[in-house]
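Numbers here simply count residues along the sequence, with the first being 1. What you see below is based on every heavy atom in this structure, not just the backbone, and it leaves out hydrogens, waters and symmetry mates.
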Amino acid sequence: MSTGISATTATHCPYCALQCGMNLRPGAGGLEVVERPDFPVNRGALCGKGRTAPAVLSPAVRLTEPLVRRTATGRLEPAGWDEALGRIAEGLRRTRTEHGADAVGVFGGGGLTNEKAYALGKFARVVLGTSQIDYNGRFCMSSAAAAHQKAFGLDRGLPFPLEDIPRTGCVILVGSNLAETMPPALRYLTELRENGGLLIVVDPRRTRTAEQADLHLAPRPGTDLALALGMLHVLIAEGRTDDDFIAARTTGWQDARAAAMAHWPEMVERITGVPLPRLREAARMFSEAESAMVLTARGPEQQSKGTDTVGAWINLCLAAGKAGRPLSGYGCLTGQGNGQGGREHGQKADQLPGYRKLTDPAARRHVAGVWGVDPDTLPGPGRSAYELLDALGGDVKSLLLMGSNPVVSAPHAAHVEGRLRALDFLAVADVVLSETAALADVVLPVAQWAEETGTTTNLEGRVLLRRAALPVPAGVRSDLQVLHGLAGLLGHKKGFSAAPEEVFDELRRASAGGGADYSGISYARISAEDGVFWPCPGERHPGTPRLFLDRFATHDGRARFAAVSHRPAAEEPDADFPLFLTTGRVVSQYQSGAQTRRVAELNAAAPGPFVELHPRLADRIGAVNGEPLTVTSRRGQAVAPARITDTIRPDTVFMPFHWPGAGRANTLTNPALDPVSRMPEFKVCAVRVEREPDAPHTP
């Protein structure tokens with residue numbers, strides 16, 4: 001196919017939160033990816049997903065024209081843009097008229113650019129007048145964000161750039177398998193060890209990442225909170241706390257200390273299954289290092305106590321004086337491509353642009369002033385992501401969904417699929433016909449990363465510029481064009497530009513003075529500086545690669561300890577469901593797989609779901625490698641081939657969550673919510689595992 005370009009375009013990968021730099025250039029079969037070694041995050045390295053990203057640009061793979069569901073046939077059939085947008089406007093208008101503004105829901109995605117996330121939040125609150133907006137990033141880093149805010153007064157995934165990791169003395173990596181989820185980032189851990197630093201990995205599986213560790217701790221799923229408290233207990237008991245730092249830069253220590261002292265190491269050993277000598281060794285390695293970091297990912301965060309769990313790991317950093325200092329601190333390894341920026345600018349249920357609270361009168365006045373509306377017209381906070389999905393077909397009658405596939409990615413997925421089917425009206429904008437789009441009344445084909453310009457914010461808080469390398473194909477429009485068109489049909493002819501740089505400039509004004517202040521960032525600066533770190537409150541401001549070195553972002557400049565205690569998972573194994581299930585990703589697929597499952601090379605490497613289990617468990621139930629197993633929870637069943645390995649705990653099974661159908665892992669997962677972050681408990685639930693009755697027995 002003709003690419004429509006002749007030059008090389010410097011841009012970024014469409015997938016994870018590393019946002020690796022890449023160059024795109026025309027090749028024989030379309031665009032091809034080549035290295036961009038000058039970009040500091042990945043220094044040219046790319047994983048298989050990044051290398052094959054242009055495959056999804058093919059017309060054979062992606063949507064190229066709107067689809068509407070015809071009454072006569074009940075099927076999605078091609079339509080023109082005027083009809084498709086008209087159907088959506090009418091469906092949303094009718095719901096508002098008959099049931100009120102909050103009967104209309106909006107669901108966004110952590111892969112949307114900053115411009116799209118900002119425009120979607122504005123569209124929901126100004127055009128639709130609904131409070132019912134959230135996004136799938138709630139399922140990614142919300143527990144870490146809540147704990148970050150509580151402890152430091154500000155949430156940015158990493159408060160330091162990735163380049164600091166190899167220079168620290170010790171890293172505790174909790175619930176992250178970087179080797180498969182962010183392969184180019186593994187080099188930072190390799191360089192850490194080459195420089196003499198120590199790596200401790202906490203994971204119930206001995207993953208490819210854990211195999212790189214100096215010390216691997218394999219706790220029972222759902223016990224990371226107890227593990228962190230036990231390590232803090234050891235620090236206190238052995239006199240390893242930094243009392244001067246605690247006195248000068250923190251508050252709340254006495255209550256947090258008392259909570260930790262109630263978790264004596266022998267009790268923590270019983271709860272977690274981590275041997276006491278390893279617990280003590282981890283505490284010693286961390287405290288004796290001159291500088292150290294704790295990095296968490298979805299393992300400890302996707303729990304019904306995720307906020308408290310992250311708070312306990314932050315406590316460990318504060319007690320050891322390993323925060324607010326060079327080469328030290330707590331950080332969250334954000335997952336989705338724009339998971340960081342996506343939660344900063346208004347598509348989250350309780351937030352306005354710039355990380356402002358929707359309940360703050362001053363924040364409402366500022367943003368309303370930029371939008372040219374009365375602040376009293378802005379709705380209040382709405383439901384969190386799972387609660388919004390659970391309300392579909394009930395209080396919420398119609399839904400506009402952009403860049404998400406909850407039929408595969410949401411917990412208790414069969415229930416969520418049922419709620420989507422119960423809607424009066426569903427409109428989906430996506431690049432492919434995902435499992436969720438296939439349920440819609442109207443599907444809009446939207447532009448992909450290589451066809452449009454826009455900004456993303458990676459896990460370091462570095463604001464980046466994706467650049468268009470191709471023209472948007474005929475029959476396809478950008479998400480900004482979609483929102484511009486719908487706003488016009490719903491009576492808002494102005495205020496919704498389809499030009500990304502214009503939207504970004506408005507976002508800059510809306511974010512000015514907020515926690516995530518982008519006002520000093522421009523497309524020109526991003527291009528010249530390989531990205532700009534927020535906060536950046538002025539055009540002469542250099543940006544902020546490293547936060548909290550002088551003071552924390554609280555009103556008194558001090559970090560807050562969290563007085564937290566261990567509690568069980570919402571659902572523990574019992575006689576009927578005797579095993580833990582935990583879920584995660586594999587290197588060749590991404591999130592719900594809506595795009596990567598359409599790439600032949602990636603499918604060849606990871607063709608389908610599986611159930612990973614220990615040989616002892618396999619012997620007990622008669623499982624054989626490659627033969628189907630049925631995994632049952634209180635919410636349903638999934639069937640997938642056995643993968644027997646001694647790298648997992650005998651009381652735990654693991655399933656990747658990228659696939660729909662019989663092997664859908666999220667059919668099983670528990671939607672129990674963290675009381676603060678509203679994060680579902682993806683990472684731990686109780687299951688039983690059995691051989692399929694008709695599976696052949698192999699002696």
If we count only N and O atoms by modelled type, under 3.5 Å, do the side chains of Ser677 and Ser143 hold a donor and an acceptor together?
yes
Rounding to 0.5 Å, atoms CG (Leu120) and NZ (Lys122) come to a distance of 12.5 Å
Is it true that a side-chain atom of His12 and a backbone atom of Gln19 form a donor plus acceptor pair closer than 3.5 Å?
yes
Shortest non-hydrogen pair, Val416 vs Pro411, comes out as CG2-O, 3.6 Å
To the nearest 0.5 Å, what is the distance between CZ on Phe123 and CE on Met402?
7.5 Å
Report yes if the side chains of Val503 and Leu507 come closer than 4.5 Å at any heavy-atom pair, otherwise no.
no
Find the distance between CG (Leu333) and SG (Cys16) and round it off to the nearest 0.5 Å.
10.0 Å
Pairs in or reaching into residues 586-601: which pass salt bridge (Lys or Arg N to Asp or Glu O under 4.0 Å), with residues at least two apart or in two chains?
Arg51-Glu601, Glu435-Arg597
Where the side chain of Arg156 meets the backbone of Glu460, is there a donor-acceptor pair that is under 3.5 Å apart?
yes
Under 3.5 Å, is there a donor on one side chain and an acceptor on the other for Asn405 and Gln591?
no
Glu77 and Leu67, any side-chain heavy atoms less than 4.5 Å apart
no
Residue pair Leu76 / Ala440: nearest heavy atoms and the distance that separates them:
CD2-O, 3.4 Å
Geometric cation-pi criterion Lys397 and Phe425, 6.0 Å radius, 45° cone
no
4.5 Å side-chain heavy-atom contact, Glu65 and Leu63
no
Please give me the minimum heavy-atom distance between Ser398 and Gly91, naming the atom from each residue.
OG-O, 3.9 Å
Flag the pair Arg664 and Glu417 as a salt bridge only when some basic side-chain nitrogen lies within less than 4.0 angstrom of an acidic carboxylate oxygen.
yes
Residues passing the side chain to side chain donor-acceptor pair (under 3.5 Å) test with Ser176, sequence neighbours excluded, are none
For Val442, does its backbone N or O pair with a side-chain atom of Arg69 as donor and acceptor, under 3.5 Å?
no
Arg509 to Tyr118 six-membered ring, cation-pi geometry met (6.0 Å, 45°)
no
Any ion pair linking Glu90 and Arg87 (charged N to carboxylate O, less than 4.0 Å)?
no
Checking Leu602, Asn603, Val586 against Thr596 for side-chain contact (heavy atoms from CB on, under 4.5 Å), the one that qualifies is Leu602
Any donor-acceptor pair under 3.5 Å linking the side-chain atoms of Asp102 with those of Ser131?
yes
Is any side-chain heavy atom of Arg343 closer than 4.5 Å to a side-chain heavy atom of Tyr135?
yes
Near-ring test Tyr518/His345, centroid separation under 6.0 angstrom:
yes
Would you say Val104 and Val396 make side-chain contact, with heavy atoms under 4.5 Å?
no
Report yes or no: does Gln132 contribute a side-chain atom to a donor-acceptor pair with the main-chain N or O of Gly105 at less than 3.5 Å?
no
Contacts table for residues 33-41: side-chain donor-acceptor under 3.5 angstrom, sequence neighbours left out:
| residue | atom | partner | partner atom | Å |
| --- | --- | --- | --- | --- |
| Arg36 | NH1 | Thr11 | O | 2.8 |

Would you find a donor on one side and an acceptor on the other, under 3.5 Å apart, between the side chain of Arg298 and the backbone of Cys140?
yes
Inter-residue atom distance Thr456.OG1 - Arg462.CZ, 0.5 Å rounding
11.0 Å
Sole residue of Leu389, Leu388, Leu399, Leu392 in side-chain contact (heavy atoms from CB on, under 4.5 Å) with Arg419:
Leu392
Considering only NZ, NE, NH1 and NH2 on the basic side and carboxylate oxygens on the acidic side, decide whether Asp134 and Arg383 come within less than 4.0 Å.
no
Correct closest heavy-atom pair for Asn666 and Phe657 would be ND2-CB, 3.9 Å
Taking atom types as modelled and ignoring hydrogens, do the side chains of Ser478 and Glu452 form a donor-acceptor contact shorter than 3.5 angstrom?
no
Whether Tyr523 and Phe504 hold their rings parallel, tilted or perpendicular, with breakpoints at 30° and 60°:
tilted
Atom of Leu420, atom of Pro406 and distance for their closest heavy-atom approach:
CD1-CG, 4.3 Å
Test Glu32 against Arg25 for salt bridge (Lys or Arg N to Asp or Glu O under 4.0 Å), laying out the working first.
CA-CA 6 Å; Glu32 64 179 15; Arg25 69 183 182 194; 2.6 Å; yes
Mind checking whether Trp659 and Pro607 have side chains closer than 4.5 Å, heavy atoms only?
no
Is any side-chain heavy atom of Glu115 less than 4.5 Å from a side-chain heavy atom of Leu480?
yes
Ion pair check, Glu387 and Arg678, cut-off under 4.0 Å
yes
Ala510 and Arg356: which non-hydrogen atoms are nearest, and at how many Å?
O-NH1, 2.7 Å
Short side-chain to backbone donor-acceptor contact, Thr113 and Gly454, under 3.5 Å
no
Could you check Glu539 against Arg508 for salt bridge (Lys or Arg N to Asp or Glu O under 4.0 Å), going step by step and ending with a plain yes or no?
CA-CA 11 Å; Glu539 294 183 1; Arg508 293 169 61 191; 3.3 Å; yes
Taking salt bridge (Lys or Arg N to Asp or Glu O under 4.0 Å) as the cut-off, I'd like each qualifying pair that reaches into residues 473-500, sequence neighbours left out, listed once.
Lys116-Asp479
d(His541 NE2, Cys536 SG) to nearest 0.5 Å is 6.0 Å
Derivation and outcome, side chain to side chain donor-acceptor pair (under 3.5 Å), residues Thr457 and Asn114:
CA-CA 8 Å; Thr457 305; Asn114 290 317; 3.1 Å; yes
Is any side-chain heavy atom of Val373 less than 4.5 Å from a side-chain heavy atom of Leu378?
yes
Keeping the roles fixed (side chain from Asp430, backbone from Leu433), state whether a donor-acceptor pair exists under 3.5 Å.
no
Under the salt bridge (charged side-chain N to carboxylate O under 4.0 Å, His left out) rule, collect the residues that match up with Glu529, sequence neighbours excluded.
Arg525
Between atom CZ of Phe496 and atom NE2 of His484, what is the distance when rounded to the nearest 0.5 Å?
11.0 Å
For residues 441-451, which residue pairs qualify under side chain to side chain donor-acceptor pair (under 3.5 Å), counting only residues two or more places apart or in two chains?
Arg62-Glu451
Does one side chain, of Trp534 or Glu344, offer a donor that lies under 3.5 Å from an acceptor on the other?
yes
